[in-house]
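Below you'll find the structure, written out as structure tokens, and then a few comments.
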Amino acid sequence: MKPLAHFSSSSAGLGLRRELLPELLADKPAIIDFFEVAPENWLPYGGKLAKDFRQLTERYAFFCHGLSLNIGGPDPLDLDFLQQLKHFLDQHQILRYSEHLSYCAADGHLYDLMPIPFTEEAVHYVAARIKQVQQILERPLIIENVSYYAAPAQQLSELEFLLAVLTEADCPLLLDVNNIYVNSINHGYDAGAFLAAMPSERIAYYHIAGHYQQAADLLIDTHGAAIPDPVWQLLRLSYQQHGVKPTLYERDFNIPPLADLCQELSQIKQLQQVASPRPAAV
């Protein structure tokens, strides 16, 4: 596995939304250590929006979290898109690039993130595509564990499938803490046991977000609410078991004022400080 760009482990980031641009350009809060964007949301644009975005990427650290790579889909990889993406990542000096362990197209875009069948065949197929992407982009492709609501043609557990893909592709992991919790409720497994089985050495960074409770046994991964206590507790456990790593707060709609978002980042920082090893007394 190729090394990732160096970045402080005790850092908290925010998903960048366009409506926040004017406020951030005028005065970025110090609590925000880095931003994350979906490259697909910025690649098509020029003019003032592109200039404003460039002002931020020139001054602050950025990660990218993709939406349309379609790593598990049946269609061939979009090589033209990958070349555009590589230019975008290089142009803006993006530190890390991640994508979902899912698919979003099959003879046309599906406009959703669909679950890859948990099978041995799918492990080999996806791992080969991850390796191809890494060769083209000349950087690691960080793969995220995803929320899912059905498991078609399942032969392996979600945990077995994820670990097999990471090992065969030899790629890093974006550990989405909220997705672990959501899946544990929806599919009836122990979130703590799933977390403990994650390979610490492969975790590049964490995602944390809120969700919507539709029923006692059905959570929807919306990124549209404040982070609930069980997810905070799972993040605390993540730091204890796997170490403090950069942590990104996703909030995609029902977006509150920037000051409220910064309060969530402050709580991430507090958990990181508590979990970080203290220097020995001299």
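Every heavy atom of this structure was used, including side-chain atoms; hydrogens, water molecules and symmetry mates were not. All residue numbers refer to positions in the sequence shown, counting from 1.
Counting heavy atoms from C-beta outward, L77 and Q132 have side chains that approach closer than 4.5 Å. Counting heavy atoms from C-beta outward, Q240 and L235 have side chains that stay 4.5 Å or more apart. Annotation: side chain of L69 is in contact with side chain of L82 (closest heavy-atom distance under 4.5 Å). Residues V123 and F118 form no side-chain contact, since every pair of their non-hydrogen atoms from C-beta on lies 4.5 Å or further apart. In this structure the side chain of L175 never reaches within 4.5 angstrom of the side chain of K245, judged on heavy atoms. Within the 4.5 Å cutoff, the side chain of N41 has heavy atoms near those of the R18 side chain. Inter-residue side-chain proximity for L156 and E120 is flagged as met; some heavy-atom pair is nearer than 4.5 Å. Between I136 and L85 there is no side-chain heavy-atom pair separated by less than 4.5 Å.
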Stepwise ring pair (Phe, Tyr, Trp, His ring centres under 6.0 Å) test for F88 and Y97: CA-CA 11 Å; F88 181 88; Y97 170 60; 9.6 Å; no

Start with the C-alpha distance between S98 and Y205, add both sets of side-chain angles, then the distance that settles side chain to side chain contact (heavy atoms under 4.5 Å, CB included), and finish with yes or no. CA-CA 10 Å; S98 61; Y205 67 111; 2.9 Å; yes

Run the numbers on F53 and L25 for side chain to side chain contact (heavy atoms under 4.5 Å, CB included), then give the verdict. CA-CA 9 Å; F53 181 65; L25 285 168; over 6 Å; no

One pair to check against side chain to side chain contact (heavy atoms under 4.5 Å, CB included): L271 and W232. What are the steps and the verdict? CA-CA 9 Å; L271 293 179; W232 282 123; 3.7 Å; yes

Would H207 and E250 count as a side chain to side chain contact (heavy atoms under 4.5 Å, CB included) here? Give the steps. CA-CA 7 Å; H207 268 184; E250 294 183 289; 3.2 Å; yes

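Under the 6.0 Å cut-off for aromatic ring centres, F63 and F35 do not qualify, their centroids lying 6.0 Å or more apart. Outside the 6.0 Å centre-distance limit, the rings of Y149 and H187 are not counted as a close aromatic pair.
For the side-chain contact (heavy atoms from CB on, under 4.5 Å) with L173, the lone residue among I143, L163, L166 that qualifies is L166.
Considering all non-hydrogen atoms of both residues, R129 and I71 come closest at NE-O, 2.8 Å. For the residue pair V182 and S147, the shortest heavy atom distance occurs at CG1-CB, 4.3 Å. Considering all non-hydrogen atoms of both residues, V231 and V177 come closest at O-CG1, 3.9 Å. The two residues I116 and G72 make their nearest non-hydrogen contact at CD1-CA, 3.7 Å. The two residues S10 and V244 come nearest to each other via the heavy atoms OG-CG1, 3.7 Å. For the pair E158 and V146, the tightest heavy-atom approach, listed with the atom from each and the gap, is OE2-O, 4.0 Å.
Between K269 and D33, at least one side-chain N (NZ, or NE/NH1/NH2) sits under 4.0 Å from a carboxylate O, which counts as a salt bridge. Ionic pairing of R202 and D170 is present here: one or more N-O contacts between side-chain nitrogen and carboxylate oxygen are shorter than 4.0 angstrom. A salt bridge links D252 with R17; the closest basic N to acidic carboxylate O contact falls under 4.0 Å.
In terms of hydrophobic clustering, with Ile, Leu, Val, Met, Phe, Trp and Tyr side chains grouped at heavy-atom distances under 4.5 Å, F253 and L219 are assigned to different clusters. Note on L67 and L14: separate hydrophobic clusters, where clusters join Ile, Leu, Val, Met, Phe, Trp and Tyr whose side-chain heavy atoms are under 4.5 Å apart, directly or indirectly.
The closest side-chain donor-acceptor pair between Q233 and R236 falls under 3.5 angstrom. Between Y148 and S102, the side chains place no donor N or O within less than 3.5 Å of an acceptor N or O (distance only, hydrogens not considered). Under 3.5 Å, the side chains of T247 and Y239 contain a donor-acceptor pair of N or O atoms. N178 and D221 share a side-chain donor-acceptor pair at under 3.5 Å. Defined by atom type and a distance below 3.5 Å, a donor-acceptor pair is present between the side-chain atoms of E40 and S68. Y249 and Q267 share no donor-acceptor pair across their side chains, judged by distance under 3.5 Å alone. Using a 3.5 Å distance cut-off with no hydrogens or angles, the side chains of E201 and H242 do not pair a donor with an acceptor. Side-chain N/O atoms of H65 and E144 include a donor and acceptor closer than 3.5 Å.
Side chain of E99 to main chain of I142: no donor-acceptor pair is present (N/O by atom type, distance under 3.5 Å, no hydrogens or angles). Checked by atom type and distance alone, the side chain of D217 never pairs as donor or acceptor with a backbone atom of N186 at under 3.5 Å. With Q134 contributing its side chain and L141 its backbone, the two residues share a donor-acceptor pair below 3.5 Å. With hydrogens and angles disregarded, a donor-acceptor distance shorter than 3.5 Å links the side chain of K28 to the backbone of I32. Between the E160 side chain and the S157 main chain, a donor and an acceptor come within less than 3.5 Å of each other. Side-chain N or O atoms of R96 include none that pairs as donor or acceptor with a backbone N or O of C64 at under 3.5 Å. N70 places no side-chain N or O within 3.5 Å of a backbone atom of Y103 that could act as its donor or acceptor partner.
The structure places CE of M198 at 10.0 Å from OG of S238, a figure rounded to the nearest 0.5 Å. Here L234 contributes atom CG and Y181 contributes atom OH; the two are 9.0 Å apart, rounded to the nearest 0.5 Å. How far CD1 of I227 is from CD1 of I208: 4.0 Å, rounded to the nearest 0.5 Å. Residue N145 holds its CG atom at 9.0 Å from CD1 of I203, rounded to the nearest 0.5 Å. Separating the CZ atom in F161 from the CG atom in L101 is a distance of 5.0 Å, to the nearest 0.5 Å. Distance OG1/T57 to NE2/H92: 5.0 Å, rounded to 0.5 Å.
Within a 6.0 Å radius of CD in Q154, more than 12 heavy atoms belonging to other residues, nucleotides or ligands are found. The environment of CD in E58 is crowded: more than 12 heavy-atom neighbours from other residues, nucleotides or ligands sit within 6.0 Å.
Taking the ring centre of W42 as origin, the terminal cationic atom of R54 falls outside the region bounded by 6.0 Å and 45° from the ring axis.
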